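Structure record follows, encoded as structure tokens.
Being a predicted model, the structure only gives us computed values, none of them experimental.
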Amino acid sequence: MKILVTGGAGFIGSHTLVELAAAGQETVVIDNLCNSNRKSLERVAELTGREIPFYEVDTRDREGLNHIMEAHRFDACIHFAGLKAVGESVEKPWEYYENNIGGTLTLLDVMRQHGCKNIIFSSSATVYGNPAIIPITEECPKGHCTNPYGQTKSMLEEIMMDVQKADNEWNIVLLRYFNPVGAHPSGRIGENPNGIPNNLMPYVTQVAVGKRPELGVFGNDYPTPDGTGIRDYIHVVDLARGHVAALQAIERHCGCAIYNLGTGQGYSVLQLVKAFEKVNGIKIPYSIKPRRAGDIATCYSDPAKSEKELGWKAQYGLEEMCRDAWNWQRQNPNGY
């Protein structure tokens, strides 16, 4: 298959390009590079032994998308492109709605005009809000999203389901990610946040490499064994392979399918910190901060549907996640 990968220079996109290449798929990347780095694609070429065609184009750029669609005949699109910082989305809601929803609407319209009606969408477990059931299955009702970032994911799911309902030529796979961490085992590609990291693991690795004095742990009074929040952390390579597996659903004309991509195992913030210290032999100083608004106590998946229907299951555990995240940061103390 020939696949358009939007946001392919980002953390998850770059790792997925490696796995798609290993599976023999042909890819073309678009990315506006607003929160990613062109060098990631150079590293992907190094790892895969193949150059990937790249266009610096925004998904809101209809003319640019038309040009790319006319130059290539795509079988499917994997859509990663979007703004993704929860805190920033609260401060800049208009920008998040305009970019994430506006860009996706333009992309879908250009795709259908060129006869490409297969898309895998990068969604999120945030659509479950404060989940009604734990572990979370795909049958869990969607909850109230506590920030505009989560709202864009939830709204785009609804839009795509409506599009598919109205036109059954579409095949749409909604992949609800839990908490991606880690890096490619080579250490050549990894998570490269701009400014202060919004996610736990890159903050831990930046403390370990000396860029930050200590880790802030937001809340230690949750109803969990050690009082810190529990999340389902998934190795980014496992997550990337989930996208390759999702192509099977497209090939069997799935209509609209929803899959959780997680390990099914929850770990607390302090468990992750202790695992990182144990695996890498580095002490991570931390201090307890007040809870963040909108954070929930526990969130982890039941990924049984993905295993049953896609033959996909996470292979890596918490120690491998910590090892590979540090291997990336140690080799690239300032990112790309």
Pairing of Arg60 and Glu98 as salt bridge, 4.0 angstrom limit: yes
Using modelled atom types only, decide if a donor and an acceptor are shared between the side chain of Asp324 and the backbone of Pro185 within a distance under 3.5 Å. no
If you measure from NZ on Lys313 to OG1 on Thr263, what distance do you get to the nearest 0.5 Å? 10.5 Å
Judged by atom type as modelled, is there a donor-acceptor pair below 3.5 Å linking the side chain of Gln331 to the main-chain atoms of Ser186? yes
Pairwise distance CD1(Ile284) to CD(Gln206) - rounded to 0.5 angstrom: 11.5 Å
Tyr336 ring centre to Arg43 NZ or CZ under 6.0 Å, with the angle to the axis within 45°? no
Which heavy-atom pair separates Asp226 from Thr228 by the least distance, and what is that distance? OD1-OG1, 2.7 Å
List for me each residue that meets side-chain hydrogen bond (donor to acceptor under 3.5 Å, both in side chains) alongside Thr6, sequence neighbours excluded, and say none if there are none. His79
Do side-chain atoms of Asn171 reach the backbone of Cys254 as a donor and acceptor pair under 3.5 angstrom? yes
Stepwise side-chain contact (heavy atoms from CB on, under 4.5 Å) check, Ser89 with Lys84: CA-CA 8 Å; Ser89 78; Lys84 62 175 187 174; over 6 Å; no
Taking Phe121 as the starting point, is it possible to reach Met161 by hopping between hydrophobic residues whose side chains are less than 4.5 Å apart? yes
Report yes or no: do Asp302 and Thr137 form a side-chain donor-acceptor pair below 3.5 Å? no
Mind running side-chain contact (heavy atoms from CB on, under 4.5 Å) on Ser123 and Leu175 for me, showing each step along the way? CA-CA 5 Å; Ser123 191; Leu175 296 181; 5.9 Å; no
Matching residue for Arg241 among Gln315, Glu19, His15 - test: side chain to side chain donor-acceptor pair (under 3.5 Å): Glu19
Establish, from distance only, whether the side-chain atoms of Tyr177 and Ser122 form a donor-acceptor pair under 3.5 Å. yes
Do Trp312 and Leu261 make a side-chain contact, defined as non-hydrogen atoms from C-beta onward lying under 4.5 Å apart? yes
Could Lys117 and Glu169 be called an ion pair, given the rule that one side-chain N must be under 4.0 Å from one carboxylate O? yes
Any chance you could measure Asn99, atom CG, to Asn32, atom CG, to the nearest 0.5 Å? 7.0 Å
Going by atom types alone, do Lys142 and Ser154 pair a side-chain donor with an acceptor below 3.5 Å? yes
Please confirm whether the backbone N or O of Glu56 pairs with a side-chain atom of Arg38, one donor and one acceptor, at under 3.5 Å? no
Look up atom CE in Met155 and atom OG1 in Thr152, then write down how far apart they are to the nearest 0.5 Å. 8.0 Å
Nearest heavy-atom pair of Gly229 and Tyr222: which atoms, and what distance? N-CD1, 3.9 Å
Which heavy atom of Ala21 sits nearest a heavy atom of Thr48, and at what distance? CB-CG2, 3.7 Å
For the residue pair Leu310 and Ala245, what are the closest heavy atoms and their distance? CD2-O, 3.7 Å
Any side-chain donor near an acceptor of the partner, Tyr96 and Glu88, under 3.5 Å: yes
In terms of side-chain heavy atoms, does Tyr128 have a donor or acceptor partner in Asn260 at a distance below 3.5 Å? yes
Taking the six-membered ring where the residue is Trp, are the ring centres of His243 and Tyr259 under 6.0 Å apart? no
Apply side-chain contact (heavy atoms from CB on, under 4.5 Å) to residues Lys211 and Asn334 and explain how you reach the verdict. CA-CA 9 Å; Lys211 288 186 77 172; Asn334 297 308; 3.9 Å; yes
If you round to the nearest 0.5 Å, how far is CG of Leu105 from CE of Met160? 8.5 Å
Would a distance-only check, ignoring hydrogens and angles, find a side-chain to backbone donor-acceptor pair under 3.5 Å from Asp238 to Tyr316? yes
Closest heavy-atom contact between Gln329 and Pro202? OE1-O, 4.3 Å
At what distance, to the nearest 0.5 angstrom, does CG of Leu4 lie from CG of Asn118? 12.0 Å
Donor-acceptor contact below 3.5 Å, side chain His114 vs main chain Cys116: no
Between Lys289 and Gly216 the two heavy atoms that sit nearest each other are CG-CA, 3.9 Å
Less than 4.0 Å between a side-chain N and a carboxylate O, is that true for Glu319 and Lys278? yes
Keeping the roles fixed (side chain from Lys305, backbone from Ile258), state whether a donor-acceptor pair exists under 3.5 Å. yes
side-chain contact (heavy atoms from CB on, under 4.5 Å) between Arg112 and Trp170, worked out: CA-CA 9 Å; Arg112 69 178 178 176; Trp170 279 94; 3.7 Å; yes
Can you see whether Glu70 engages Asn66 through a side-chain donor-acceptor pair at a distance of less than 3.5 angstrom? no
Heavy-atom count around Lys283 NZ within 6.0 Å, excluding the residue itself: above 12? no
